[in-house]
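Worksheet: one structure, shown below.
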Amino acid sequence: MIQSNIKNSTAISLADSLEKTFIIAYKENTDTLESALKKSGFDCEVLRQKHQPEYKDYSPSYLCLLNHRQAWEIAINQSKPTLIVEADFVPVVEMGKLPLPFNPIQENVGISWLYTCAPQIYSVSPEGYAEGFSTAMVAYIVLFRSLNVCLN
């Protein structure tokens, strides 16, 4: 794990802001990641891709997206945001104590990336949150209100 630089904050912690954390995996060993996240205060569950005969010609990327969809189908029924991480995600030490990376009362938040590749930052909100776009799904938070768009 990477060491974090946690500052005192009155904001609710990341771990306390979330309903559930899903680790997306296929055959990878997730014991270390699951242990680190639980130690940091996250309620974790590993979701493993179940191989189906009709998947034999699917690309690994598409199979990974199907696994994310499985997490979304559960998260849409949660009352609080859901953290979704892939099995190769490396959390910082005490990640659960970090603040939520977006304003929880902002209505137009759909997905909030904790780790991403090639992010595009369009603006910074008055509260200091970066707003933008990304394509990677290594570690992100979804809000149930945005999942209707993802699942339909």
Side-chain angles (χ1 to χ4, degrees), residues 1-2 4 12-123 125 129-152:
M1 289 194 303
I2 301 166
S4 64
I12 188 167
S13 72
L14 181 59
D16 290 337
S17 300
L18 303 173
E19 183 84 20
K20 192 82 174 166
T21 298
F22 294 115
I23 300 171
I24 303 297
Y26 180 49
K27 295 180 181 177
E28 306 91 340
N29 182 322
T30 59
D31 294 344
T32 302
L33 176 58
E34 190 174 2
S35 174
L37 290 171
K38 284 181 177 179
K39 183 178 178 184
S40 217
F42 295 95
D43 179 14
C44 295
E45 181 179 336
V46 177
L47 298 178
R48 294 199 178 273
Q49 179 68 44
K50 294 175 180 74
H51 187 71
Q52 304 292 332
E54 62 268 21
Y55 295 172
K56 68 178 174 65
D57 294 327
Y58 290 3
S59 72
S61 298
Y62 188 73
L63 291 171
C64 184
L65 282 175
L66 287 177
N67 213 4
H68 281 270
R69 181 182 173 94
Q70 179 185 0
W72 301 342
E73 288 171 343
I74 299 168
I76 198 167
N77 296 311
Q78 306 297 320
S79 61
K80 292 170 37 178
T82 301
L83 173 61
I84 300 172
V85 301
E86 291 187 344
D88 58 350
F89 175 65
V90 179
V92 297
V93 173
E94 297 184 340
M95 185 175 112
K97 292 182 181 177
L98 294 172
L100 194 62
F102 60 89
N103 182 342
I105 61 170
Q106 186 176 340
E107 289 294 318
N108 64 348
V109 174
I111 296 176
S112 178
W113 278 268
L114 294 183
Y115 175 88
T116 186
C117 305
Q120 304 290 316
I121 298 175
Y122 298 144
S123 63
S125 73
Y129 299 104
E131 300 173 326
F133 172 80
S134 182
T135 57
M137 302 180 87
V138 177
Y140 60 99
I141 297 170
V142 292
L143 283 76
F144 61 90
R145 62 180 175 252
S146 67
L147 290 172
N148 283 321
V149 175
C150 295
L151 292 171
N152 292 326

Test side-chain hydrogen bond (donor to acceptor under 3.5 Å, both in side chains) applied to Ser125 - qualifying residues, sequence neighbours left out
Glu127
So CG of Leu83 and OG of Ser112: to nearest 0.5 Å the spacing works out to 9.5 Å
With sequence neighbours left out, the residues meeting side-chain contact (heavy atoms from CB on, under 4.5 Å) with Gln52 are Lys50, Glu54, Tyr55
Might you point out which heavy atoms bring Ala15 and Phe42 nearest each other, and give the distance in Å?
CA-CE2, 3.8 Å
Does the side chain of Leu37 come within less than 4.5 Å of Pro91's, by heavy atoms?
yes
Which pairs with one or both residues in residues 79-89 pass side-chain hydrogen bond (donor to acceptor under 3.5 Å, both in side chains), sequence neighbours excluded?
Glu19-Ser79, His68-Glu86
Applying side chain to side chain contact (heavy atoms under 4.5 Å, CB included), run through Phe102 and Leu143 and close with a yes or a no.
CA-CA 11 Å; Phe102 60 89; Leu143 283 76; 3.7 Å; yes
Testing Ile111, Val109, Leu14, Ile84 one by one against Ile141 for a side chain to side chain contact (heavy atoms under 4.5 Å, CB included), which residue passes?
Leu14
I'd like to know if the side chain of Asn67 and the backbone of Leu47 have a donor-acceptor N/O pair within less than 3.5 Å.
yes
Taking every non-hydrogen atom, the tightest pair across Ile74 and Phe22:
CG2-CZ, 3.4 Å
Below 4.5 Å, heavy atoms only, C-beta onward: do Leu114 and Met95 meet side chain to side chain?
yes
The criterion is side-chain contact (heavy atoms from CB on, under 4.5 Å); which residues satisfy it with Ile76, sequence neighbours excluded?
Leu147, Asn148, Leu151
Kindly indicate whether the side chain of Trp113, heavy atoms from C-beta on, has any atom under 4.5 Å from the side chain of Val138.
no
Indicate yes or no for a side-chain donor-acceptor contact from Ser17 to the backbone of Ser13 under 3.5 Å, with no hydrogens or angles considered.
yes
Name all residues meeting the side-chain contact (heavy atoms from CB on, under 4.5 Å) criterion together with Thr30; count only those two or more places apart in sequence or in a different chain, and write none if there are none.
Ile23, Ala25, Glu34, Val46, Arg48, Ala87
When you measure from the side chain of Thr21 to the backbone of Cys44, do you find a donor-acceptor pair of N or O atoms at a distance under 3.5 Å?
no
Checking Asp43 now: which residues fulfil salt bridge (Lys or Arg N to Asp or Glu O under 4.0 Å) with it, not counting sequence neighbours?
Lys20
Between Val85 and Tyr140, is the side chain to side chain contact (heavy atoms under 4.5 Å, CB included) condition met? List the steps.
CA-CA 7 Å; Val85 301; Tyr140 60 99; over 6 Å; no
Does the side chain of Leu63 reach to within under 4.5 Å of the side chain of Tyr26, using non-hydrogen atoms?
no
